[in-house]
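Everything below concerns the one structure shown next.
As the structure is a prediction and not an experimental result, all values here were calculated from the model. Letters go in sequence order (proteins before strands), and every chain restarts at 1.
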2 protein chains.
Amino acid sequence: MAKRKREDDVTPLPVATMEDVARKAGVAISSVSRVLSGHPDVSARMAKKVEEATRALGYEPDILAQSMRSGETRTIGFIITDISNPLFAQVAQSCEQELRKMGYSMILMSSNGDEITESENFAVLRRRRVDGIIASLISEKSSAVKSSLQNLRSPLVLLDRQISGYEYGSVTANHISGTRDAVNHLINQGHREIAFVTGTPDVLTTRERLKGYKKAFAENGLSINENHIRLGNFTEEFAERQTYLLFSSPTVPTAILTGGVGATAGAIRALRSLNLAIGHDVAFVAIDEWPMFDVILPALSSVYRDAEMIGRESARLLLEIMRGAKPRKTVIETHFIIRESSTNKLRSKKKLN
Amino acid sequence: MAKRKREDDVTPLPVATMEDVARKAGVAISSVSRVLSGHPDVSARMAKKVEEATRALGYEPDILAQSMRSGETRTIGFIITDISNPLFAQVAQSCEQELRKMGYSMILMSSNGDEITESENFAVLRRRRVDGIIASLISEKSSAVKSSLQNLRSPLVLLDRQISGYEYGSVTANHISGTRDAVNHLINQGHREIAFVTGTPDVLTTRERLKGYKKAFAENGLSINENHIRLGNFTEEFAERQTYLLFSSPTVPTAILTGGVGATAGAIRALRSLNLAIGHDVAFVAIDEWPMFDVILPALSSVYRDAEMIGRESARLLLEIMRGAKPRKTVIETHFIIRESSTNKLRSKKKLN
DNA sequence: GATATTTCTAGAAACGATTCCAGAAATTCC
DNA sequence: GGAATTTCTGGAATCGTTTCTAGAAATATC
């Protein structure tokens, strides 16, 4: 009947099934399967017949049917808050590369900062029976996420997030040390009024960066001007607005630290509109790199983390857990890189408004 | 027997199947299916029973089994040359968003500039029975690609590529006009020696950009110095090397045009190492934007194309073809944006070496 | 109330693979 | 050569859906 089907099929390339191979080779379907899956109970004659038929028909096993039977889809879901963030894109890229090596494919879902979309993404992945999920959540506090994770049935690796009540592996950057080094550097350069603009404290990333920031002040016996800390969300708009406010107030900071590529872009934009030159009127350190930070003028000092390593490690960790290992936490180091934006001598304070 | 299975199952959340729902509701499996898929031949009483059982068990249909039956996987493959290119990341993002709206998921595969990986990607997608593919090929000339496409059985949309002997939809940017405008602008600023550094002519993108470049010279009755045209590949390394060579030769160009984000980054790097200031020692126009081109100093003039639109259109076009429409070609406009890097007056020619 | 018509439901086949089980064929041994 | 053992092969069940078919139940018609 597979044959009959084929006759009124109009697609250019009829797909050969295992049954076709079996018929062509004159053997049973089960024998074909055994040959192809390398089962030991196969005679040389049988192997030869089947392999010839397979080649002749250009047969390729249907992953869907295999998944149906085995319960494994060899598919991993990757949920990211925003793929247009180049750092995350790099993470996704190296993760995909690593997964491919192990015979897995990656379904990419970008939540674009929307929690409802994020929940839907988890639901879709669950229905697709993915073997595992790697995710970077928008917020750890959202109740939608909690229930998404509760209903999950596949192993999970979280990127830079901390959630209670659910077992997961995690890959986290050591944001504390990099940020502390950066702020220490600024303090050493004589800065005392250091603005810090970044996203929500509802994610580990922000809380750790904040710890690093405070640690540096504490180590130097300095007190913090809480008004200089602006936590909100990771959009350019938020950072632009806050930077604008900070630098058009009476007590203008002498340096600014931005957390995340969106915040960095927003802050640069605001400083530009205020006509404040980075490195000359205000020292600047960015947390998280853009690919061209080292060549733009002035070159931006930054806290760097290896996106490729993060992607690779998250893939490896997930597969480990899928094979039954106990979920563990991997920490990736961050490195403060000194460039021009924080080392030039500032020119005498500009008169604002 | 599904019941027996459940007993020695140790996963935390046993997955309810349609059979479980049917048993719980006391009806036949087919009736459950009919209720859930909105078939008209369903009594109110039946609907109620099934819906209650569904809710009680938290039942969700298995997409795998549905695919098996229907032949549709509701999955689209997206093959990209390099996802860490922010422009491509944006394309992928908006494409995924559009596909999700239509109930499709996206499998992302980055070829990372490697043709063998690219072929493997096509093979994997074929075996996964994706319903369609959107791809940006590394080269139109490679024989591996030709045979990959030949063996394809799903509809295809190509991004910025032109291939013969295979039917596909395409989304292409109008590179000619944007590039022509850019070069015209440079010529109007008095430039005659305009270097052009970009990738291989084995892709439509490069050939069209070259056409635009030549068109502008022709329109102004100027002849081209072929030595200023450097086509190779899209890596930063290539562009850096070529830019370095161009600007350390006796006949230094006064302006440079770069095609693609990699080329732009490489050229900036080279100019920096030669201590040539963009906008002051050399005019600069980039084709394809980085997200921060407008705020770095000097702001870079560029040829812009709407990545979101490209992603969205490619998704729509593919679905159209999947529904039986004849493949067509969509063209997205490009726009030349004048910024500082090409408008500042150049300072007197620097003495090199 | 018997027949014709309509509405609803259950059973079974199918999608394409894997794997268990039983039995056939080949080999060994006496 | 016949029995016991080993090696190999084919049939059938299974995964979780959808959909076809046939028949039961309900309603309408006379």
**OP:** Please work out if E72(A) contacts a base, only the sugar-phosphate, or nothing of the nucleic acid, heavy-atom cut-off 4.0 Å.
**Re:** nothing
Subject >> Protein-nucleotide distance (D62(A), atom CG; dC15(C), atom C1'), rounded to Å >> reply: 9 Å
**OP:** Specify the residues of residues 39-48 of chain B, ordered by number, for which at least one heavy atom lies under 4.0 angstrom from an atom of DNA chain D.
**Re:** none
Original post:
Over how many whole Å does the gap from L64(B) atom CG to dG16(C) atom P extend?
Top reply: 14 Å
Original post:
Over how many whole Å does the gap from K49(A) atom NZ to dC8(D) atom P extend?
Top reply: 13 Å
Considering only nitrogen or oxygen atoms on both sides, find all protein atoms under 3.5 Å from nucleotides 19-28 of chain D and state each distance.
unit_1, atom_1, unit_2, atom_2, d
dT19(D), O4', R69(B), NH2, 3.3

**OP:** May I have the distance from M68(B) (atom CE) to dT18(C) (atom P), rounded to whole angstrom?
**Re:** 11 Å
Subject >> Nearest-Å distance for atom pair CE/C1', residues M18(A) and dT18(C) >> reply: 8 Å
Original post:
Nearest-Å distance, CD (E19(A)) to C1' (dT18(C))?
Top reply: 15 Å
Original post:
So which pairs with a foot in residues 60-71 of chain A pass side-chain hydrogen bond (donor to acceptor under 3.5 Å, both in side chains), sequence neighbours left out?
Top reply: E60(A)-R126(B), D62(A)-R129(B)
Original post:
Listed by chain and number, what are the salt bridge (Lys or Arg N to Asp or Glu O under 4.0 Å) partners of K101(A), not counting sequence neighbours?
Top reply: E98(A)
**OP:** Quick one: list whatever passes salt bridge (Lys or Arg N to Asp or Glu O under 4.0 Å) with R34(A), sequence neighbours left out.
**Re:** none
Original post:
Between L36(A) (CG) and dG16(C) (P), how many Å, whole number?
Top reply: 16 Å
Original post:
What integer distance in Å separates R23(A):CZ from dG10(D):P?
Top reply: 14 Å
Subject >> Pairing of E320(B) and R328(B) as salt bridge, 4.0 angstrom limit >> reply: yes
Original post:
Taking only side-chain nitrogens and oxygens of Q66(A), does any of them come within less than 4.0 Å of OP1 or OP2 of dT18(C)?
Top reply: yes
Original post:
Would you find a donor on one side and an acceptor on the other, under 3.5 Å apart, between the side chain of K329(A) and the backbone of Y168(A)?
Top reply: yes
**OP:** Measure the angle between the two terminal helix axes of the helix from dG1(C)-dC30(D) to dC30(C)-dG1(D), five base pairs each, and quote it to 10°.
**Re:** 50°
